[in-house]
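Read the structure below first, then the notes.
From a predicted model like this one, the values you see are computed outputs, not experimental measurements. What you see below is based on every heavy atom in this structure, not just the backbone, and it leaves out hydrogens, waters and symmetry mates.
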Amino acid sequence: MTSWIDDEAEALEAAVAPLSARAAAARPAPYLDGLNPDQRAAVETLDGPVLILAGAGTGKTRALTTRIAHLLHTGRARPNQILAVTFTNKAARDMRSRVGSLVGGVVEGMPWLGTFHALSVRILRRHAELVGLKSNFTILDTDDQVRLIRQIVQAHRIDEKRWPPRLLAGLIDGWKNRALTPARVPASESSAYDHRGAELYAEYQDRLRTLNACDFGDLLLHVLRILQGHPDVLAQYQRWFRYILVDEYQDTNVAQYLWLRLLAASHRNICVVGDDDQSIYGWRGAEVGNILRFEKDFPGTAVVRLERNYRSTAHILAAASALIAANEHRLGKTLWTETPGGEKVRLIGHWDGEEEARWIGEEIEALGRGTRGLDPVRPDGIAILVRASHQMRAFEDRFLTIGLPYRVIGGPRFYERQEIRDAMAYFRVAVSPDDGLAFERIVNVPKRGIGDKALQEINRTARASGVSLLDAAGLLVANGGLPPRAHAALGQLVDGFDRWHAAVRDGHDHLELAEAILEESGYTDMWRAEKSPDAQGRLDNLKELVKALGEFENLQGFLEHVSLVMENETDEGAEKVSVMTLHAAKGLEFPAVFLPGWEDGLFPSQRSMDASGIKGLEEERRLAYVGITRAERLCTVSFAANRRVYNQWQSQLPSRFVDELPAAHVEVLTPPGLYGGGFVAAAPGRSTLADTVAKADVYNSPGWKRMQARAGERPVSPPREAREMVIDATASAAFEAGTRVFHQKFGYGTVADVEGDKLAIDFEKAGRKNVVARFVTAADAVPF
DNA sequence: GTCTGCGAGGTTTTT
DNA sequence: CCTCGCAGAC
């Protein structure tokens with residue numbers, strides 16, 4: 001089990017010996033060609049702390065990978081002396097392959113290039129005993145974590161309704177992100193769970209140790225503890241890792257920051273790359289403060305700013321820059337580009353969310369044909385970026401209707417599906433019979449008549465005899481004491497695991513074994529017998545799972561991989577439009593980007609603002625910035641006046657971000673296109689973008705009518721509604737408190753308050769709502 | 001121990 | 001509205 005670890009240690013120690021004087025400066029470095037001066041500085045400033053502030057699209061990854069190539073080329077470090085940290089497996093893979101192509105594949109591997117978590121596992125396996133674990137500890141996924149916490153909460157007789165386990169799991173995660181041990185949890189945050197939050201946390205840690213398991217946060221924290229408590233170990237790693245590079249530094253949390261600071265403390269050869277304007281993971285513990293503070297933490301830092309953008313046109317860049325300028329706490333960058341003008345950012349308002357989806361569908365088809373003087377944009381060059389995943393449905397529905405190929409990125413992930421987790425739990429017990437959590441998961445899946453009662457009995461026996469759950473189950477079967485049905489079923493299961501574990505030990509072909517486990521346990525039969533429509537899909541997934549096993553040498557290797565790599569298979573290369581959340585879009589780029597749903601409350605999200613106030617709003621604004629800067633040539637922002645939320649119509653106000661877009665770089669479109677002139681005069685003294693969009697007379701245009709005729713199959717917003725909107729807009733100045741009004745979706749009501757064109761109205765049926773004046777008519781004007 | 005009906009709640013997500 | 005999780009009936 002530990003052999004590779006020892007080999008590696010040897011290799012690393014050997015590597016510490018002075019490098020041969022293999023001519024650094026003398027040899028040419030072709031990879032430097034084509035870098036701009038800033039990028040060169042980022043690559044060539046090798047010693048001491050370096051902070052690379054890399055705006056969107058400025059060649060950040062290129063700088064980082066070239067820097068690694070340069071370290072290798074100049075002989076500053078061998079591949080295994082570079083610690084390169086990323087956040088996602090995808091980023092790690094990208095970096096690996098790009099370094100490979102830069103140095104011509106001469107360099108064998110880079111063992112210490114990976115995610116914080118993967119690297120931590122590597123370190124932790126070597127020193128597990130220092131934190132009371134065995135080196136074959138298991139890594140819990142969120143599911144296991146919550147189940148374990150539920151047990152603890154139940155044991156304390158705490159009301160699960162009031163204090164859901166999931167909430168505590170979230171709190172514990174938050175504490176771990178901040179590197180807080182149970183003893184250090186501030187009293188003020190422990191008030192939940194009857195002031196026993198920290199106590200429950202401590203108990204959870206005890207349980208983990210007993211189970212020889214870690215959750216994700218522990219991977220980092222245990223390594224921290226080891227490095228802090230064992231100077232000799234720390235010194236060893238500091239010697240091994242001569243150069244440290246960190247990608248997406250703005251996303252690091254406190255624990256990760258401490259982790260890095262320890263490892264970099266001696267030589268301080270740490271280079272971090274990031275963009276404070278793209279920090280969008282505050283809600284899961286990322287500390288923008290880390291990057292804002294870097295220069296203070298590492299005095300003498302060389303700061304390199306990458307400000308030349310190679311991705312977007314000038315208008316897109318200007319719009320993004322103006323928007324993000326509204327944020328207060330920034331390091332500040334001035335992005336520039338030599339790509340001239342191009343299309344302005346397009347802005348369009350719609351009647352409702354369905355029309356928005358319909359319009360975007362048509363735009364995509366138009367883009368495919370080549371429109372507005374642009375070269376045709378193929379589907380895979382187009383992305384729709386939404387704030388929240390529920391927004392994706394409208395697009396999926398629409399695209400299915402018109403037969404537009406699309407893919408959703410970031411849906412439920414393969415390894416998080418129930419059937420996959422169940423199967424994996426079987427594998428886990430077969431590999432490590434001690435894995436109690438996995439055993440509990442599948443002991444009654446498929447139904448074996450082993451319910452709470454029997455499980456309690458197993459648990460009691462396990463505790464009494466100090467053995468694992470599986471062994472306890474074996475004891476119970478041997479000694480009797482269970483109802484006949486449970487007895488027989490459990491006996492069969494225990495026998496099964498005996499067999500399967502033996503097969504693992506004997507090195508049986510793991511593909512065959514996996515299939516046998518799923519068959520003999522009755523697991524696949526369970527799904528075959530299931531009548532529900534998705535049962536077949538689940539069986540297919542299981543086949544897929546077994547196939548994926550083929551890429552690994554054995555079950556252990558596979559399980560280890562999956563515990564750290566929970567990502568989806570991406571069918572890349574397909575000619576499909578991408579639909580994803582803004583979060584998922586970070587790091588990607590597309591010729592054409594659609595940003596729908598820019599409405600207050602949806603984006604910026606009300607919940608973010610409620611939870612974190614101005615800080616939350618600023619993070620939302622960064623999200624908007626990330627969205628716009630994904631676009632290379634065409635960026636289209638849209639919002640709808642009405643949206644169905646939980647099947648209730650809700651009137652929406654345009655996002656404040658719409659008004660923050662600079663008018664000079666924005667073109668206001670008239671939906672659905674064509675030549676309907678906006679005849680509603682702009683109200684004097686007001687000229688925000690949102691107003692401009694509202695005033696364009698959309699619905700009286702010939703284009704609109706033609707569109708409706710064409711749409712045929714399904715009635716779109718009735719023209720009368722639309723015409724009324726226009727009438728309303730004209731009359732909007734006239735509303736005053738007390739006016740009786742009518743709204744298409746909410747019915748009759750009375751104006752309670754007027755603020756500009758925004759009205760607070762008490763509706764008779766729907767209660768108090770905030771509505772833009774143009775969506776409302778004076779009650780007597782309704783033609784009934 | 002398993003099945004059915006009722007009520008609550010319903011951002012973002014990687015490892 | 002639709003999904004999930006829990007409590008009560010078989």
Inset, instruction - Using the test salt bridge (charged side-chain N to carboxylate O under 4.0 Å, His left out), find all partners of A:Arg261 that sit at least two apart in sequence or belong to another chain. - result: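 A:Arg261 satisfies salt bridge (charged side-chain N to carboxylate O under 4.0 Å, His left out) with no residue once adjacent residues are dropped.
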Legend entry - Contact list for DNA chain B against residues 453-460 of chain A - heavy-atom distance below 4.0 Å: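 Residues of residues 453-460 of chain A under 4.0 Å from DNA chain B: A:Lys453, A:Ala454.
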Legend entry - Selection from B:dT13, B:dT2, B:dT15 that lies nearest to any side-chain heavy atom of A:Lys447: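 Closest of the options to the side chain of A:Lys447: B:dT2.
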Legend entry - Minimum-distance nucleotide to A:Arg607 side chain [options: B:dT15, B:dC3, B:dG10]: B:dG10
Roughly how many Å is it from [atom1] in [X] to [atom2] in [N], rounded to a whole number?
| X | N | atom1 | atom2 | value |
| --- | --- | --- | --- | --- |
| A:Tyr415 | B:dT14 | OH | C1' | 16 Å |
| A:Leu564 | B:dT14 | CG | C1' | 11 Å |
| A:Asp452 | B:dG1 | CG | C1' | 9 Å |
| A:Arg393 | B:dG10 | CZ | P | 18 Å |
| A:Arg448 | B:dG1 | CZ | P | 14 Å |
| A:Arg93 | B:dT14 | CZ | P | 13 Å |
| A:Lys90 | B:dT15 | NZ | P | 11 Å |
| A:Asn177 | B:dT13 | CG | C1' | 12 Å |

Sequence-distant partners of [X], ring-ring contact (aromatic ring centres under 6.0 Å, His included), two or more places apart:
| X | value |
| --- | --- |
| A:Phe216 | A:His117 |
| A:Phe439 | none |
| A:His390 | none |
| A:His127 | A:Tyr237 |

Legend entry - Pair A:Arg428 + A:Asp144: basic N to acidic O under 4.0 Å: yes
Inset, instruction - Shoot me the first and last contacting nucleotide of DNA chain C against chain A, ordered 5' to 3', at under 4.0 angstrom to non-hydrogen atoms. - result: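 That gives a stretch of C:dC1 to C:dC6.
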Inset, instruction - Identify the residue among A:Leu148, A:Leu140, A:Leu133, A:Thr138 that makes a side chain to side chain contact (heavy atoms under 4.5 Å, CB included) with A:Leu211. - result: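 Result for side chain to side chain contact (heavy atoms under 4.5 Å, CB included) with A:Leu211: A:Leu148.
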Inset, instruction - Using the aromatic ring of A:Tyr281 (for Trp, its six-membered ring), decide whether it stacks on the base of B:dT13 within the limits of 5.5 Å and 30°. - result: no
Measuring to OP1 and OP2 of [N], would you say a side-chain N or O of [X] lies under 4.0 angstrom away?
| X | N | value |
| --- | --- | --- |
| A:Ser389 | B:dT12 | yes |
| A:Asn444 | B:dT2 | yes |
| A:Thr581 | B:dT13 | yes |
| A:Asn89 | B:dT14 | no |

Legend entry - All side chain to side chain donor-acceptor pair (under 3.5 Å) counterparts of A:Thr86, not counting sequence neighbours: none
Inset, instruction - Would you please name every residue forming a side chain to side chain donor-acceptor pair (under 3.5 Å) with A:Glu440, sequence neighbours left out? - result: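 Result, side chain to side chain donor-acceptor pair (under 3.5 Å) vs A:Glu440: A:Gln151.
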